[in-house]
Structure formats: C-alpha cells, structure tokens
Amino acid sequence: MSKKMLDLVLPRIARVLSRQLKSYRAGTIDDATFSDKFDSILQQQCEWLNKQGFQSVDASITVHAALIVLSSPGLKAESKRLDTPLEVIEFRAICESAKDLGETLGVPTYEVVEKLSSLLAFHMK
C-alpha cells in the first residue's frame, strides 16, 4: 500500500462526492438516496483500484483514508468546538474507520490503524 494509491483515488472520490453533496444540499436527493449513492461511490472506487492491480484490503483502506482526508475541514471544526487537539480528533477518526474496516475485512484493527496512519501522515497536515 502506498501514497500513490491515495493520490490516485483522492481526486476521483472528491469529484464524485462533490456532485452528490451538491444534489443533496439542493434537495434533489434525500438522506436515504445520498447514503445509498455514497456507499456505491466507495464500492466503485474500491473496484476501480482492484482493476488497477491493487489488492482488495489495500483498496478499501485507501478509500477510507481518502474519506478522512476529505473530512479534514470537519475534523478541524470539531477540534475547535471541543477544544481538543486536532491530532486526537484525527486519531479517533482513524480508529473508528479501522474498527469498521477490521470487522468488514476480517483484518486486525491494529493493522488497519497502522496502515491508515501511515497513509494519512502524507496528507494530514
């Protein structure tokens, strides 16, 4: 797993999610539809990475890393709101994502935390 994977998928997810968020905010799609489309987008990105030759586990971890990068403005806002260091908020996001991925993929959570942290070290500054 590498920074290259994250660099490949980050703009792809950002573009597609941006369009979906605009539709959601405009009221043209409801919560359930947005959630379904969001899940579909993530699955499509994992499949695309698989077609590029990356393993499924690495693809899933990379897609989750991209989501954490894209949510960094929200994480920063939460840090200010809670008066908690940003690193603590980011680590909570990593741990929540790792727990979900670990259960879904059958991978130990600590391994996912390590991989996510390694990937995000390049992008979260």
Inset, instruction - Report yes or no: does Ser40 contribute a side-chain atom to a donor-acceptor pair with the main-chain N or O of Asp36 at less than 3.5 Å? - result: no
Legend entry - Exercise: identify the closest heavy-atom pair between Ala59 and Cys46: CB-O, 3.9 Å
Inset, instruction - Output all residues satisfying side-chain hydrogen bond (donor to acceptor under 3.5 Å, both in side chains) with Asp31, sequence neighbours left out; order by chain, then residue number. - result: Tyr24
Inset, instruction - Check whether any side-chain N or O of Thr62 sits under 3.5 Å from a backbone N or O of Met5 as a donor-acceptor pair, and report yes or no. - result: no
Legend entry - Reported CZ-to-CG distance for the pair Arg12 and Leu8, which is rounded to 0.5 angstrom: 8.5 Å
Legend entry - Side-chain H-bond candidate by donor/acceptor type, Ser97 with Asp100, under 3.5 Å: no
Inset, instruction - Can you measure from CD (Glu103) to CG (Leu105) and round to the nearest 0.5 angstrom? - result: 10.5 Å
Legend entry - Within 6.0 Å of CD in Glu47, more than 12 heavy atoms from elsewhere: yes
Legend entry - Approximate separation, where rounding is to 0.5 Å, of Ile13 CD1 and Leu6 CG: 8.5 Å
Legend entry - With Lys22 via salt bridge (charged side-chain N to carboxylate O under 4.0 Å, His left out) - residues at least two apart: none
Inset, instruction - Would you give the length of the straight line joining atom CD of Glu78 to atom CZ of Arg92, rounded to the nearest 0.5 angstrom? - result: 7.0 Å
Legend entry - Trp48 vs Gln44 side-chain heavy atoms within contact, under 4.5 Å: no
Legend entry - Smallest separation among heavy atoms of Leu119 and Ala65, with atom names: CD1-CB, 3.9 Å
Inset, instruction - Examine distances only and state if a side-chain atom of Ser79 and a backbone atom of Ile89 form a donor-acceptor pair shorter than 3.5 Å. - result: no
Legend entry - Hphob cluster co-occupancy, Leu86 + Phe91, side-chain heavy atoms under 4.5 angstrom: yes
Legend entry - Non-hydrogen atoms of Gln55 and Asn50 that approach each other most closely: C-ND2, 3.6 Å
Legend entry - Intermediate values then yes/no, side chain to side chain contact (heavy atoms under 4.5 Å, CB included), Val112 and Val57: CA-CA 9 Å; Val112 181; Val57 170; over 6 Å; no
Inset, instruction - Report the distance from atom CZ of Arg25 to atom CZ of Phe34, rounding to the nearest 0.5 Å. - result: 8.5 Å
Inset, instruction - Apply side chain to side chain contact (heavy atoms under 4.5 Å, CB included) to Asp58 and Leu49, showing your working. - result: CA-CA 9 Å; Asp58 290 342; Leu49 282 171; over 6 Å; no
Legend entry - Contact summary for Ala66 and Val9, nearest pair of heavy atoms: CB-CG1, 4.1 Å
Inset, instruction - Could you tell me the separation between the CG atom of Leu21 and the NZ atom of Lys37, rounded to the nearest 0.5 Å? - result: 12.5 Å
Inset, instruction - Could you walk me through whether Ile41 and Gln20 pass the side chain to side chain contact (heavy atoms under 4.5 Å, CB included) test, one step at a time? - result: CA-CA 10 Å; Ile41 290 165; Gln20 293 304 317; 3.4 Å; yes
Inset, instruction - Tell me, please, which residues at least two apart from Thr104 pass side-chain hydrogen bond (donor to acceptor under 3.5 Å, both in side chains). - result: none
Inset, instruction - Using a 4.5 Å cut-off on heavy atoms from C-beta on, say whether the side chain of Leu75 contacts that of Ile68. - result: yes
Legend entry - CA sep, side-chain torsions, deciding dist, call: Leu67, Phe38, side chain to side chain contact (heavy atoms under 4.5 Å, CB included): CA-CA 11 Å; Leu67 290 177; Phe38 183 79; 3.9 Å; yes
Inset, instruction - Check Val63 against Gln45 and note the closest heavy-atom contact, atom names and distance. - result: CG2-CB, 3.9 Å
